[in-house]
Amino acid sequence: MGRQAKARSKSKAVVSAGPSNNKWLAHVFVGTIAIAAAIIYSQSLATFHENAKFFSALETNERMLSFKSEQAFYYSFYKDLVDLRKQSVGWLNAVKGLTHDTLSESPSTINALSRFNIYPEVVVAWLFDVYQTVYSWIGVPPPKSCSTYTRQGLPSMTTCVGNGVPEYFYVNTVFGLQGLTIIGMIGTVWLLSHNSLLSVLVLLVTIPFNLEEMTRVMWTPPLRESFGFPFLMIQMLAVVALLQQRHTLWKVVLFVFTLAFCLSWQFAGFVLVTQMVALLHMLALNLLPISTFSNLLMPLVTAWVCSLVLQFCPSFLTTSLYTAALLVAVISMRLANPHNSTINSTGNDSSKQALPFQIQSRTLLFAGSLFPAILITKFLLTAIFGAGADTHIFDILRTKFDSSFSTFDTQLYTCAAEFDFMRKEYRSQSETLLLPMATCAILAIAAVTLRYLWAGRGATLQEKEKPQSAQTSCGVSPAMLYVALQGCAFFAMAALIMRLKLLSTPFLIVVVSVSASPSFWSTFVLQRPMNNGSARRIAFIYTVLLISGSAVYGVGNINRITNRIGEFNDAATLELMEYVAKSTPRDASFAGSMVVTSAIKCVTSRPIINHPHYENAEVRNRTQLLYQGFAPITDADFVKVLDQYNTRYFVLDASWCFGKRRSGCNVWELYSQSGSRFCKRWFEKPNHAKTNHFQIVFQNKRYRLLKVVT
């Protein structure tokens, strides 16, 4: 009898270990898929970039010119650090130079680390230095290969490719970083779908179908979101994991990637405030246990404080909406405690009082007062610190709802297509079924959530939700509700500012992917427990129909992006850069359009007066004054403007002077003056023309370089 009992016990142990082993195998399998997909995604982006610009055939200056406007401005800091290291300048002195930057806003000396979110460039430059050092220790030159190209009417040119070339190391690092986006999305879907391979399959298919709606990093590598967004996706994965009460190590992940995100993108605070608002409302409505909220809040606050310190506490961040939201969140921790006291350890109500809508009136009041409280706190911070660095952001939002309101700054933004409303994007996202299916999924989640709120069951969300459970039958999980709320917030932002579709599209993809899981159908569609076989059959049929329907237009989207072949060519700007580098003093300062001044700083390392990083009131004021060069103003009045900043050269750009944009968007239309435009007068003058105030020292078909006569 004893032996038989032991045998039965051993048999049960083996059987019970089977599912656990299967889960580990599933995790390893999906982890392998995630890594492989991340590598393929990164390599694909690099290929698209090469195909579009023929980057390998460009010389060094042309490669830098292919980074337009703010891209060139940010890349210039990486280039300067690499150049300083070539001159054997120590890292401490090189970084110290960034805190005493005299090139970006001449004649002022500014702290670039505080102003421009250039920590990514610092890190990539350091990695490039380490990369070269390692190869130097080995005694082998860093890998690169060189080719000679012949060009019609021009001398032959030798270009090099490979990670041993600074510009290639930079763009390859950016593309490699994008793999984190895929890992974050797969991880999030895997957790939310309760380990559904069908959901992962839908994700892997939906991403390439909607790639151009999801990212533009292959066309614009140095943009801040190119660095920030991959960190954000891992940060969101950590939030989901902590909402599911998983291992506390996720708090470390949340801290690290929140900090990296905040250091990478100046608009991180605006993104994260939507996250905090969503979590606060879940807390207020008893849809989130206070202990879970506390686990999230600590890393978020710590990361934000660290980012403020590392960026020397700029007013743009210290008085931001996110700072206000975190302050409100800390206070809410105390206020929310009485609400959560009605939840026992099993997640069941300990109070059975009959209340209107089965929700306490103070809970509704708490939830409804959160956003006003954040706004009031924000304005109090602004009043205390006297900052107005982000006023243009709120002005832009105002123009979205009040067409009669506009300022010089809002016109510069809203006249750009990426800051306009979403228009054709609705159609492209609908053709691949992304938008309609995501809408249906979010409505299903909302219906279940409202049902339990109406019945007073908000508190039934389990305090100790089991990470590996199939799906609770008592209500929607906090993690799923959070992703739905976050997706709605991002979509609203994208609807107002098209550029932000890079935030909304990945979340729509995640929601659609999760909707293909058996647990989603069981909980949110049929709203009743189902056996695994039935749920899997329904989810499988849905997955087949979804992929088939989205492929109708999705395959065409893939073909369109893979067949895009081009070559970067900007001979006029290259000619101007060569003249500036060879024929002007190294300390001569330049002004002009933000596009051309960024190129001048990047290629020639000359001081510039204005630049496209617009989150500073002084820079916005400079730009408005300097852009009078494209508006009606006399030579005498304009030279007074330039003398305020000790400007030695002003660049006139024909595309800015004569470019045809929609009504109200030409630069000269942003000013109230009437009369002859300054730039037009000087484009009509002959070469080397000179007056008492200016002289043309360089010209080609696009540019006139004016030297201020002293």
Exercise. With a 4.5 Å limit on heavy-atom distance, are the side chains of Ile442 and Cys488 in contact?
Worked result: yes
Problem set entry | Which residues share a side chain to side chain contact (heavy atoms under 4.5 Å, CB included) with Val301, sequence neighbours left out | Leu297, Val305, Leu326
Problem set entry | For Leu197, all residues meeting side chain to side chain contact (heavy atoms under 4.5 Å, CB included), sequence neighbours excluded | Phe29, Val30, Trp190
Exercise. How about Gln235 and Gln275: do any of their side-chain heavy atoms sit closer than 4.5 Å?
Worked result: yes
Exercise. Could you go step by step and tell me if Ile445 and Met480 meet the side-chain contact (heavy atoms from CB on, under 4.5 Å) rule?
Worked result: CA-CA 8 Å; Ile445 296 169; Met480 192 68 239; 3.5 Å; yes
Exercise. Checking His49 side chain against Leu45 main chain: does a donor-acceptor pair fall under 3.5 Å?
Worked result: no
Exercise. Taking the six-membered ring where the residue is Trp, are the ring centres of Trp265 and Phe227 under 6.0 Å apart?
Worked result: no
For this session: List in chain and number order the residues that pass side chain to side chain contact (heavy atoms under 4.5 Å, CB included) with Ala303, two or more places apart in sequence or in another chain; answer none if no residue qualifies.
Result: Phe255, Thr258, Leu259
Exercise. Taking atom types as modelled, is there a side-chain donor on Thr323 or Ser320 under 3.5 Å from an acceptor on the other?
Worked result: yes
Exercise. So do Leu496 and Met422 actually touch side chain to side chain, heavy atoms under 4.5 Å?
Worked result: no
Seminar exercise, completed: When every non-hydrogen atom of Val273 is compared with those of Ala325, the smallest separation belongs to CG2-CB, 3.7 Å
Exercise. Do the side chain of Ser307 and the main chain of Trp304 share a donor and acceptor less than 3.5 angstrom apart?
Worked result: yes
Exercise. Tell me, do Val189 and Leu192 make a side-chain contact under 4.5 Å, heavy atoms counted?
Worked result: no
Exercise. Does the side chain of Leu435 reach to within under 4.5 Å of the side chain of Glu425, using non-hydrogen atoms?
Worked result: no
Seminar exercise, completed: The complete set of salt bridge (charged side-chain N to carboxylate O under 4.0 Å, His left out) pairs with one or both residues in residues 195-211, sequence neighbours excluded, reads none
Problem set entry | Pairs meeting criterion ring-ring contact (aromatic ring centres under 6.0 Å, His included) with involvement of residues 419-442, two or more places apart | Tyr413-Phe419
Exercise. Below 4.5 Å, heavy atoms only, C-beta onward: do Asn563 and Asn51 meet side chain to side chain?
Worked result: no
Problem set entry | Any side-chain heavy-atom pair of Ser504 and Phe507 under 4.5 Å | no
Exercise. How about Ser477 and Tyr482: does a side-chain donor come under 3.5 Å of a side-chain acceptor?
Worked result: no
Exercise. Taking the side chain from Ser199 and the backbone from Ser513, do they hold a donor-acceptor pair closer than 3.5 Å?
Worked result: yes
Exercise. Looking only at side chains, do Thr505 and Asn210 share a donor and an acceptor under 3.5 Å apart?
Worked result: no
Exercise. So do Ile497 and Met493 actually touch side chain to side chain, heavy atoms under 4.5 Å?
Worked result: no
Problem set entry | Check against side chain to side chain donor-acceptor pair (under 3.5 Å), Gln178 and Thr215 | CA-CA 10 Å; Gln178 305 313 303; Thr215 183; 5.0 Å; no
For this session: Please determine if Arg564 and Glu212 form a salt bridge, counting it only when a charged side-chain N lies under 4.0 Å from a carboxylate O.
Result: yes
Problem set entry | Pairs touching residues 221-242 that satisfy salt bridge (charged side-chain N to carboxylate O under 4.0 Å, His left out), sequence neighbours left out | Glu121-Arg224, Arg216-Glu225, Glu225-Arg499
